[in-house]
Amino acid sequence: MSLRVYNTLTREKEPFKTIEPGKVTMYLCGPTVYKPAHIGHMVGPVIFDTVKRYLTYSGYDVTFVINITDVDDKLINKAKELGVEVKALAEQMTEDYFDNLNLMGVNTIDHFPYATDYINDMQEMIQKLIDRGHAYPLNGDVYFDVTADADYGKLSGRSVDAMMAGTRVEANDAKKNPADFALWKGSKEGEPAWDSPWGPGRPGWHIECSVMSCKLLGPSIDIHGGGLDLMFPHHENELAQSESASGETFVRYWMHNGLMQSGKNTGKVGGGHDRHGDSPAPDSTAPDSTDAQIANKLAGSAGAESVKTAVFAHHHPEVVRFFLLSTHYRSPIDFSLENIAKTEKSLDGFYRLFDSFERITGVDPYTLNIPNVREETVSLSSLDDELAANFADLRNRFLESMDDDFNTGGAVGILFDMRRAINGFIQQQKLEESCSPEQSEQLTAMVTLLRELAQLVGVFQRPVEKSSGADDEFVNGLMDLVLDIRQQARTDKNWTVADKIRDALKELNVEVEDGKEGVRWSRG
RNA sequence: GGCGCAGUAGCCAAGUGGCCUAAGGCGACGGAUUGCAAAUCCGUUAUUCCCCGGUUCGAAUCCGGGCUGCGCCUCCA
């Protein structure tokens, strides 16, 4: 089976065919850097990082761009409010964004262009649009003329007429059409401004993506991604501008990810505004869940708490990544601490398996050499036929899921199946007691395959905090002593004392497990 | 008002015309193992996919109509 991708433009899954054979160009709309990143900002990058991983594994040479919007009304207002320079605020928030991406294991992005580095190119494109009769200057602004674009609205399925009928398009009498949008905005006193043929001003929101995508990836690109909320107006306008300027198809596959929501009725995370009065105000007497509180913090109109402090303080980022990918990217995803906790629990079994692997083979599973090309998968020849067939089948099912519009939810399920198969092997062969070189080779092949597939969704890339032992010499010494005493009690069949020690340690969040090969402990 | 998306077990979630008498996870219950636990493995946990009609030899999957939740139409990823 070959890769199929859902295309928002056609509302269908289509066979994946690139513009240039073997190459993929991919652009994702990045954040406006005016406040710390919230969890919702991580969804797109994690998903498209996974898309790139999978495409790369499948043999494509992928170029992936995420833009940084560092000029914008919200940014200007926020800077004013805080009494800092726009540039300084943008730099600080960009850094926060990068930190979070890094924690989430998003590390496949090739370019992070800044809007302010492309002002000249934007002006060129605007001029081109004016020359071609698709835009018109007006009192220091420049507007895109939607009526001059025959297929305007094709992405979001709206017609210009329908939008006219909508009552909420703010009337700007001077514009030819209320749906016309700004390409260039004349600046007011004290705002960042660049000289232009139309007077000092700054670019409109949509033009930067058209320009940067064209400059870095060419006029036609394979994949353009973003949150569902960006489909209109942002992507619709980008599309209109780009195609009107170049005369070429702008994007082959439009991919839109579902938005993160929090709690049952709280709406999407990060949706800061109040509705405008036609829906009842949120019931303030409703029990405030912790999740909603966190979501509100993340949305952060008041508090500006970042993902780092709000979530990663309590959960390893890998948990969040795994959580995001355990559902389909086009579905909305419910963020809640309960869900995160469940995910954390489900991941524990993998970490235990890796610990167990290291005990048995003496090899750190994170140092294994992992194949990263589809055709060069790990060899299963050391396994007996039945096992080899079973693992090959699991791998196929994993890849089939991913081939089906990047169905990470289905694929992740296979990882659990594989975990169970490996644990079963360890148990049947009693590897915790003794392990021959042949068995070690077999086990290594299985775990390598698990990691080969896991890398495609970007998990198990680097060790999380050690789940057993500690690196504090003093603590280790103390634990050795305590456990030695407990072992003595067990040998004497003094279960009262042995259990008392175990229970007391548990109170201190130290988990003691008696295995065949000896006692283990870990801090919760 | 207009345009979209979604509704699968206690919870999360995959499956979108026949391999579905519906993956996987969390939870629960039973068994193996254990001094007892923990971990691990095995088994059980939806005859049914929001409701009502229709198309079809056959539908969770397609169509029509409801109900419910959500998003966009306002420079939110």
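Note: hydrogens, waters and symmetry copies are ignored here, and every other heavy atom, side chains too, is used. Throughout, protein chains are lettered first and strands after them, A, B, ... in sequence-line order, and every chain is numbered starting at 1.
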Contact class for [X] vs. all strands (heavy atom < 4.0 Å): base, sugar-phosphate, or nothing?
X	result
A:L228	nothing
A:T32	sugar-phosphate
A:G30	sugar-phosphate
A:P332	nothing
A:H328	sugar-phosphate
A:D72	base
A:S356	nothing

Distance between [atom1] atoms of [N] and [M] (Å, rounded):
N	M	atom1	result
B:rU48	B:rA23	P	15 Å
B:rG4	B:rC51	C1'	22 Å
B:rU61	B:rA9	P	14 Å
B:rG1	B:rC12	C1'	35 Å
B:rG18	B:rC29	P	37 Å
B:rA22	B:rG53	P	24 Å
B:rA13	B:rA6	P	14 Å

Are A:Y27 and A:E238 linked by a side-chain donor-acceptor pair shorter than 3.5 Å?
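No, A:E238 and A:Y27 have no side-chain donor paired with an acceptor closer than 3.5 Å.
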Quick one: list whatever passes ring pair (Phe, Tyr, Trp, His ring centres under 6.0 Å) with A:H328, sequence neighbours left out.
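Expected list: none.
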Grab the [atom1]-[atom2] distance between [X] and [N] for me, whole Å please.
X	N	atom1	atom2	result
A:F232	B:rC5	CZ	P	16 Å
A:N100	B:rA77	CG	P	14 Å
A:L325	B:rA13	CG	C1'	13 Å
A:L415	B:rA13	CG	P	19 Å
A:Y6	B:rG15	OH	P	14 Å

Hey, is A:E511 close enough to A:K506 for a salt bridge, meaning N to O under 4.0 Å?
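Result for this pair is yes, salt bridge flagged.
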How would you list all residue pairs meeting salt bridge (charged side-chain N to carboxylate O under 4.0 Å, His left out) that involve residues 41-50 of chain A, not counting sequence neighbours?
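Qualifying pairs, neighbours excluded: A:D49-A:R53, A:D49-A:R321.
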Once salt bridge (charged side-chain N to carboxylate O under 4.0 Å, His left out) is applied, what residue pairs with a partner in residues 419-431 of chain A remain, sequence neighbours excluded?
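Listed by first then second residue: A:D417-A:R420.
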So which protein nitrogen or oxygen atoms get under 3.5 Å of nucleotides 33-35 of chain B's nitrogens or oxygens?
residue	atom	partner	partner atom	Å
B:rG35	O6	A:R490	NE	3.3
B:rG35	N1	A:D499	OD1	2.9
B:rG35	N2	A:D499	OD2	2.6

If you look only at distance, which donor and acceptor atoms sit under 3.5 Å apart when one is on a side chain in residues 201-208 of chain A and the other is two or more places apart or in another chain?
residue	atom	partner	partner atom	Å
A:R202	NE	A:D73	OD1	3.4
A:R202	NH1	A:E191	OE1	2.7
A:R202	NH2	A:D73	OD1	2.3
A:H206	NE2	A:N237	OD1	3.0
A:E208	OE2	A:N67	ND2	3.0
A:E208	OE2	A:T69	OG1	2.6

If B:rC70 has a Watson-Crick or G-U wobble mate with both distances under 3.5 Å, name it; if not, just say none.
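By the stated definition (distances under 3.5 Å), B:rG4 pairs with B:rC70.
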What donor-acceptor contacts under 3.5 angstrom involve side-chain atoms of residues 491-499 of chain A, with partners at least two apart or in another chain?
residue	atom	partner	partner atom	Å
A:T491	OG1	A:Q487	O	2.7
A:D492	OD1	A:Q488	NE2	3.4
A:N494	OD1	A:V497	N	3.3

With the sugar-phosphate defined as primed atoms, P, OP1 and OP2, and the base as all remaining atoms, what B/S/- string results for nucleotides 16-31 of chain B, 5' to 3', for protein heavy atoms under 4.0 Å?
-------BSBSS----
With sequence neighbours excluded, tell me which residues meet side-chain hydrogen bond (donor to acceptor under 3.5 Å, both in side chains) with A:S210.
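Here the qualifying residues are A:Q241, A:S242.
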Test salt bridge (Lys or Arg N to Asp or Glu O under 4.0 Å) applied to A:D151 - qualifying residues, sequence neighbours left out
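A:D151 satisfies salt bridge (Lys or Arg N to Asp or Glu O under 4.0 Å) with A:K154 once adjacent residues are dropped.
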